[in-house]
Amino acid sequence: METDLVYIKEEYEKLINLGANADGAEKRRRGFDFERLLNKLFNHEQLEPRTGYRPLGEQIDGSFYLDGRIYLLEAKWHADPLPASTLYQFKGKVEGKLVGTIGIFISMSGYAEDAVDALVLGKTLNIILLDKRDLDAAIARNIGFTNVLKLKLRKAAEEGAVYFPSEGEIVTAEKKHLVEIDNLHYDPATGGVLATRAVEATTADLLIVCEGDTDREVIAILSERILGNAGSNRSIKITVAMGKFTIPRVANALWNTFYSESKVLIVTDGDGDPVRTTEMLVKGLEFTDWISAIPNPSIETWLDLDVNQLKKFNLKYRIEQSRQAASNLDIEELQKRDEQFARFHDAILGK
């Protein structure tokens, strides 16, 4: 059994380190190898997996058995985050099966920032979303797929959070780069895996919940700069909800489970209607020790970037442009002219 786990880790490392210049054939081969790796992982954890099959013309990537229930599996490894339409297709497959069937969707490229919102608003929840962070937790950090999935299932049942993060970043003034709670960190801008020092942290001085990966990169850089300028020794954890309307669900689940002693800062786009955004948060959050910073219409406003232009490019480019803008931003000037950024700035410093 230990030999199997060593093999799984080694193969997983090979897959995630496939070069960015790999050709189409190599990337397709990685997709097939990834499915085989998942099957080996599920066998290792005694989940009785079944490989891909085609019921009535459909393609199901596989299934597995856990605690008396069969779960259907879809696993993708694309270059870009998956749109809501891909999730809807899988959701339809699941709905055509026995009542109560749950689907597990794994996307190693993550999900489009509006995909999770589109999935949960006013609809029956029957799929759970996992991404590369979850596989890192399960394989690279020895948590195990079963343990990762059980936590996600519980949060989906209790809070309606179809996406619940397995990790986040800890940011402090002493670090020039993001400090991961985990030993491995996937950098979506470079496509590489960074080895970082493990940080023992069950709580932080401030927990930030934001919409997506681009927001997290911006918030991490700004937080680090603000803490450094002030000489503060505060620690901040940043977690992604993968959507605006899922923020309350993820924040509730995090606060109820791990962070009841931490102040919570919600950073989410106003989308032209910050009043309604605030009302959404007030209605959805189940605890009182929170504040919000709502850049309007979006966090790119703080950076002087045109969000409509950025959306024409892939995630890697958007993150890199946002990183550069956040690194060069005149914090003092923005603090004076933007009330929401001033709230963000004060929250970072605990004022």
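Residue numbers count from 1 along this sequence.
- A donor-acceptor contact shorter than 3.5 Å is absent between the side chain of K237 and the backbone of I208.
- For F32, the CZ atom is loosely surrounded, since the number of other residues' heavy atoms within 6.0 Å does not exceed 12.
- In this structure, CG in L73 is found 8.0 Å from OG in S63, a value given to the nearest 0.5 Å.
- Under the salt bridge (Lys or Arg N to Asp or Glu O under 4.0 Å) criterion, D271 pairs with K244, sequence neighbours left out.
- Linking Ile, Leu, Val, Met, Phe, Trp and Tyr residues whenever their side-chain heavy atoms come within less than 4.5 Å places I102 and L130 in a single cluster.
- The hydrophobic clustering, which links ILVMFWY residues whose side-chain heavy atoms are closer than 4.5 Å, places I291 and I299 together.
- Considering only heavy atoms from C-beta on, F164 stays 4.5 Å or farther from L129 through its side chain.
- You'll find the ring centres of Y65 and F42 outside the 6.0 Å limit.
- Under a 3.5 Å cut-off, the side chain of Y111 and the backbone N or O of L87 do not form any donor-acceptor pair.
- Shown here for P81 and A112, the closest heavy-atom pair between the two residues is CB-N, 3.5 Å.
- The closest donor-acceptor contact from the side chain of K91 to the backbone of T124 lies under 3.5 Å.
- Side-chain contact between D117 and T246: present, with at least one pair of heavy atoms (C-beta onward) separated by less than 4.5 Å.
- Screening D61, V94, I127, L149 against I104 for a side-chain contact (heavy atoms from CB on, under 4.5 Å) leaves a single residue, L149.
- For the atom pair CG (D136) and CG (D131), the distance works out to 9.0 Å, reported to the nearest 0.5 Å.
- Proximity of a side-chain donor or acceptor of S223 to a complementary backbone N or O of A220 within less than 3.5 Å is not detected.
- Although no hydrogens or angles enter the test, the distance criterion places no donor-acceptor pair under 3.5 Å between the side chain of N252 and the main chain of L285.
- For the pair D213 and R216, the salt-bridge criterion is met [side-chain N within less than 4.0 Å of a carboxylate O].
- In the model, E217 has no side-chain atom that pairs as donor or acceptor with a side-chain atom of S322 under 3.5 Å.
- Here the side chains of I331 and F341 are in contact, with some heavy-atom distance below 4.5 Å.
- Between S232 and L349 the shortest heavy-atom distance is CB-CD2, 4.2 Å.
- E48 is not listed as a side-chain neighbour of L66, based on a closest heavy-atom distance of 4.5 Å or more.
- In this structure, L281 and T268 have side chains that are in contact, with non-hydrogen atoms separated by less than 4.5 Å.
- The structure places CD of E300 at 9.0 Å from CZ of R318, a figure rounded to the nearest 0.5 Å.
- Checked by atom type and distance alone, the side chain of T101 never pairs as donor or acceptor with a backbone atom of K97 at under 3.5 Å.
- Proximity of L329 to R225: side-chain heavy atoms (C-beta onward) are separated by under 4.5 Å at one or more points.
- Grouping the Ile, Leu, Val, Met, Phe, Trp and Tyr side chains by contacts below 4.5 angstrom, directly or via other members, places V120 with Y88.
- Below 30°, between 30° and 60°, or above 60°: for F145 and F64 the angle between ring planes is above 60°, a perpendicular geometry.
- If you run side chain to side chain donor-acceptor pair (under 3.5 Å) between E333 and each of K336, Q335, R337, only R337 comes through.
- No donor-acceptor distance shorter than 3.5 angstrom exists from the side chain of K40 to the backbone of R36, with no hydrogens or angles considered.
- To the nearest 0.5 Å, atom CG of residue D80 and atom OG of residue S109 are 7.0 Å apart.
- No side-chain heavy atom of L47 sits under 4.5 Å from any side-chain heavy atom of N43.
- How far CH2 of W302 is from CG of L334: 7.5 Å, rounded to the nearest 0.5 Å.
- Using modelled atom types, no side-chain atom of N17 and backbone atom of K14 make a donor-acceptor pair closer than 3.5 Å.
- Judged by distance alone, the side chain of R249 and the main-chain N or O of G160 form a donor-acceptor pair under 3.5 Å.
- Remark: K76 engages E74 in a salt bridge, criterion side-chain N to carboxylate O under 4.0 Å.
- I226 CD1 to I236 CD1: the interatomic distance, rounded to the nearest 0.5 Å, is 8.0 Å.
- Between the side chain of R28 and the backbone N or O of D23, no donor-acceptor pair lies under 3.5 Å.
- At least one side-chain heavy atom of E286 sits under 4.5 Å from a side-chain heavy atom of E159.
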